[in-house]
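Below you'll find the structure, written out as structure tokens, and then a few comments.
Chain letters run A, B, ... following the sequence lines, proteins first, then strands; residues in each count from 1.
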Amino acid sequence: MNKHFSIAQKTGLMFRHDQDLPEDMNAWIQSQLQAASPALGVATSYAKVAQWPDELQPDLSRRASMWRRYRDLKKQQREGKNGQETQAARQANRHENLMRDMDEHKFVQRNVYGADQVKLRFTAFWANHFTIGNTFDTGQMIGHAIDEGILAKLNGSFADLLYGMTTHPGMLTYLDNVWSAGERSEQAKGCARKPNCQAGLNDNLGRELLELHTVSVAAGYTEDDIHAAANVLAGWGIDFGEELPQMRKTAGGTNHWNAYKKRWAEPGSKKVMGQSIYAGRNGLQQLTDFLASHDATIHHISTKLCQHFVSDNPSTYEVDAVKLVWRESKGDLQTIHTKVLELAINSPEVKFIWPMTWLFQVVRLSGATYFKGWEKVHDYDDRLMSTKKVFEELGQSFWSLRQPNGYSDDKDEWMSAEMFERRFRFADAIYRNGKPRQSANEIMDRIGASQQTRALVASVGPSGRDRFITLMCSPELMGLEYV
Amino acid sequence: MSKLTVGRRNILKAGAASLFLAGMPVTGFAKAKPPGSISVIILEGGMDGLAAMPPIGDPDLMRMRQSVTPDNYLALNDFFGLHPSLKFYAQLMASGHASAVHATAFPYTKRSHFEAQNLIEGGGLSPFSEKTGWLGRALDLSGVAGRSLSLDMPLILRGYHENDNFYPASIRGSKKPNANLLNMIAMGHHMDAAQLFTKVARKSEDNVQVPRDPASLAKYAGRAMAQVDGPVASVIRVGEFDSHSSQTEDGNTNEGRLARQLSVVDDVIAGYRRGLGEAWDDAIILTLTEFGRTVAVNGTKGTDHGYASVGLLAGGSLSNSGVITDWPGLSKKDQFEKRDLMATIDYRSVCAACIEKSLGLDHDLIAQQVFQQPDLPRMFDHLFT
């Protein structure tokens, strides 16, 4: 593959079939990280690429009010009231009030049409690092977390990203923190005196904050540290369906991204990994700042970045290079990402391409129209599957219910006959139903495909479909080694 | 537990070494087809063994976890009850085709899902030490294949090149893959990837329509294993056992998150039973979970990560039913680190016994080559006689 495309494959999503190639790739990389990132997409399949309309990108308070509305109508449906029990009313309720399908569709369109491909790859990396599994209620918030918690924060510091994602209502809901109460909190004490009332600590988020999001088990923290972290977190977050007057009463305001329930908070200072954390709302930021700059965090995430972008087994030199700029820049993400990109480009290693990323690359390279426009998200189309279904079948989606460690960077986790069958079938479906604008030959010429790839494609005969599938399932396009 | 004599172990070591030199799989028996089949149901998230099989006779149980103990449990004996979701499993117990091992775990106490999941599938001496899985290595030793009912190839089955997976696709606009084309694509790929495309080509001839719920997949797996040239092992994963909150419903300890997931497990076992047909007689099915949960209920009507849990076993190769345990007790002083059910039985011994029964491999060989723990106690007689 030529330089343009090998870089775009490893660090981006490939140049779209009709996109001009930059002359200076280094300048391009830099501009990618700094570029503004509007969500691009199309209103209908063959419409011009445009920015997503604002009304399809609601903020958190609007999402919460839609969620309350959804639950209210759902209740009426169960009670058989106001015609809500009809099939049509139920469907309208889902389409009008749930954001899950629209959000995933937006994410996919932006990955297909976006001009900010490198930034989108880092967005995917961090969305995976801060996994929010879809437990249905979190489905209303995942898209917001990706756009506002990650993409919008990529030019800031890791500490801000960490604090923002730890306090995002999607995360606080996914890892049960919205129901956790400090052991000696007012709420726990009050509950102890009442029958059928239960309130106490839930250590789910405290544990994953240490294990997955920051220092990792290699840091050697104890159960007491997890316990203390959970007590620092107690009080943060509120059920997304809570009525606003009640929310004002318990959390002192109606901002879901800053909801802190004093009555649920653990009084007194805590100690996490030797660091004293003071009581009260500010304790959490003190904790995330401490963890963000911890050596073990810097090592853990520098390694993970290298494994994702540079090499399956990054060298000490590579990891150290990222750690160095991390420390020097005090965790400035743009500086860290620039170093990771430099290492990725300089490493000759071919990186295996995730199924999700591969599908975006296939669609961009070929100019296929494989996804519906935003006006048609909920409409049946006998050619185009729903976006939700595509990624379910492919086996990778940020809107799936999965474990908090997210998708693996270990190639072995993706090596199975069924996974490979999906690549074949989707290449086939994209060819048949997506009507690619570029043939296998045109794509190979443009990307400077290797001799082996050309020979492989030539070996399957003249069928345009067979050649297209073979190219997309070739080692070169999947990020695998040759024979 | 049995102790090995030095002499016997030496003989086995020599046997394994010579076969290694011959480049042939080590088989512990003379027949071509192993004596039975082995299926593993992985319960992801850490299954609460104290709720699945509550020790009703333990005076501390109701004091510590009334809100997560089903009051409608089935009494197995004076000491143990069974969660009401496990209806089919209960029938099997009554007919002598199911057993349980309680207060058991892999030797891992740090309560991380991801380390523990890796360890229980890898079966090595520490998390992330293995690139292959214990069942994969056992199948490699036997030279017979297993199949996972999942989109991915789980770590537990890696280690034998003939192992395969199955998870039906439903993609609009794609026709049945063409075997010739797949074989040609395979030729352009390196080793493992080439092998995978070849497997896809081989499978493209079948036209199997199976719904993707775990019970239907189990039935399909049972049918496949019942065939003469079918796989002898299968793996199914059931998720969502990480019951940190709302483990039971408000005011109803028999329903809720855990009850739903245990019903899935029960359906999976029933699916296997139906699919296996006569092959049920030689089958063993066992559950595998990364850890149990805290003895005490947490503040959100759930339980947090713990240590020991229960292992459920089913299949015609069990000759009688029972709960095998060396019960540690639930009082604070009996708990592991004053919070978890203590493990008194190494679950690797249970897995080893199931391998020995189904694949006919010798225990010492399993201990050494599958679990890399030569002194792993043999539990076979407790389970199968």
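Once rounded to the nearest 0.5 Å, the distance linking CG of B:Asp152 with CG of B:Leu157 reads 10.0 Å. Note that CG of A:Asp409 is 6.0 Å distant from NZ of A:Lys351, once rounded to the nearest 0.5 Å.
A salt bridge is defined here as a Lys NZ or Arg NE, NH1 or NH2 lying under 4.0 Å from an Asp or Glu carboxylate O, and B:Arg212 with A:Glu393 meets this definition. Between B:Asp304 and B:Arg111, no side-chain nitrogen of the basic residue sits less than 4.0 Å from a carboxylate oxygen of the acidic one, so the salt-bridge criterion is not met.
Ranked by heavy-atom pairs under 4.5 Å with chain A, the list B:Val200, B:Asp242, B:Asp250 is led by B:Val200. Ranked by non-hydrogen atom pairs under 4.5 Å with chain B, the options A:Ile430, A:Asn405, A:Leu212 are led by A:Asn405. Comparing B:Met153, B:Lys301, B:Glu240, B:Lys176 by heavy-atom pairs within less than 4.5 Å of chain A, the highest count is held by B:Lys301. When the candidates A:Glu211, A:Arg402, A:Arg207, A:Lys389 are compared by the number of heavy-atom contacts under 4.5 Å with chain B, A:Arg207 comes out ahead. For chain B, the option among A:Thr222, A:Thr470, A:Leu480, A:Leu401 with the highest count of heavy-atom pairs below 4.5 Å is A:Thr470. Among A:Met385, A:Glu208, A:Glu421, A:Arg383, the residue with the largest count of heavy-atom pairs under 4.5 Å with chain B is A:Met385. The greatest number of non-hydrogen atom pairs below 4.5 Å with chain A, out of B:Thr198, B:Leu155, B:Asn180, B:Leu182, is found for B:Leu182. The candidate with the highest count of non-hydrogen atom pairs below 4.5 Å against chain B, out of A:Met415, A:Gln403, A:Glu413, is A:Gln403. Interface check for chain B: of the options A:Asp466, A:Ile469, A:Leu394, the most heavy-atom pairs under 4.5 Å are formed by A:Asp466. Options B:Gln117, B:Gln195, B:Glu337, B:Arg202 differ in how many heavy-atom pairs under 4.5 Å they form with chain A, and the most are formed by B:Gln117.
Looking at A:Arg425, the atoms closer than 4.5 Å to chain B (heavy atoms on both sides) sit in the backbone and in the side chain alike. Using a 4.5 Å cut-off between heavy atoms, A:Glu476 makes no contact with chain B at all. If you measure heavy-atom distances from A:Ile226 to chain B, you find no contacts under 4.5 Å at all. Of the atoms belonging to A:Arg423, not a single heavy atom falls under 4.5 Å from chain B. In this structure, the portions of B:Ala193 lying under 4.5 Å from any heavy atom of chain A include both its backbone and its side chain. Only the backbone of A:Ser474 comes within contact range of chain B, judged by heavy atoms closer than 4.5 Å. Interface remark: A:Asp410 contributes side-chain atoms only to the contact with chain B (heavy atom separation under 4.5 Å). A:Asn433 touches chain B through its side chain: at least one heavy atom from C-beta onward sits under 4.5 Å away, while N, CA, C and O do not. Neither the backbone nor the side chain of B:Ser246 comes within contact range of chain A, judged by heavy atoms closer than 4.5 Å. For chain B, no part of A:Leu175 is nearby; none of its heavy atoms comes within less than 4.5 Å. With a 4.5 Å cut-off on non-hydrogen atoms, A:Gln187 does not touch chain B at all.
Taking the six-membered ring for Trp and thresholds of 30 and 60 degrees, A:Phe426 and A:Tyr370 have ring planes more than 60 degrees apart, a perpendicular arrangement. Between B:His113 and B:His244, the two ring planes are perpendicular [angle over 60°; tilted spans 30° to 60°].
Checked against side chain to side chain contact (heavy atoms under 4.5 Å, CB included), A:Glu183 has the following partners two or more places apart in sequence or in another chain: A:Leu201, A:His227, A:Asn231, A:Glu266. Partners of A:Thr214 by side chain to side chain contact (heavy atoms under 4.5 Å, CB included), not counting sequence neighbours, listed by chain and number: A:Leu162, A:Leu209, A:Leu210, A:Leu291, A:Thr297. Evaluation of the ring-ring contact (aromatic ring centres under 6.0 Å, His included) rule for A:Phe420 yields B:Phe197 as partners, not counting sequence neighbours.
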Show your reasoning for whether side-chain hydrogen bond (donor to acceptor under 3.5 Å, both in side chains) applies to A:Asn177 and A:Asn202.
CA-CA 7 Å; A:Asn177 205 72; A:Asn202 181 315; over 6 Å; no

Could you walk me through whether B:Arg158 and B:Glu130 pass the salt bridge (Lys or Arg N to Asp or Glu O under 4.0 Å) test, one step at a time?
CA-CA 10 Å; B:Arg158 291 181 212 157; B:Glu130 303 305 311; over 6 Å; no

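Across B:Tyr108, B:Phe106, B:Phe336, a single residue satisfies ring pair (Phe, Tyr, Trp, His ring centres under 6.0 Å) together with B:Tyr307, and that is B:Phe336.
Contact residues of residues 159-172 of chain B toward chain A are B:Asp164, B:Asn165, B:Phe166, B:Tyr167, B:Pro168, B:Ala169, B:Ser170, B:Ile171, B:Arg172 (heavy-atom distance under 4.5 Å).
Within 6.0 Å of atom NZ in B:Lys131, 12 or fewer heavy atoms from other residues, nucleotides or ligands are found, so the atom counts as exposed in its surroundings.
Taking 4.5 Å as the limit, some side-chain heavy atom of A:Pro436 sits within range of a side-chain heavy atom of A:Tyr431. Contact check for A:Thr453 versus A:Leu471: side-chain heavy atoms found under the 4.5 Å cut-off.
Between the A:Lys372 side chain and the A:Tyr380 main chain, no donor and acceptor come within less than 3.5 Å of each other.
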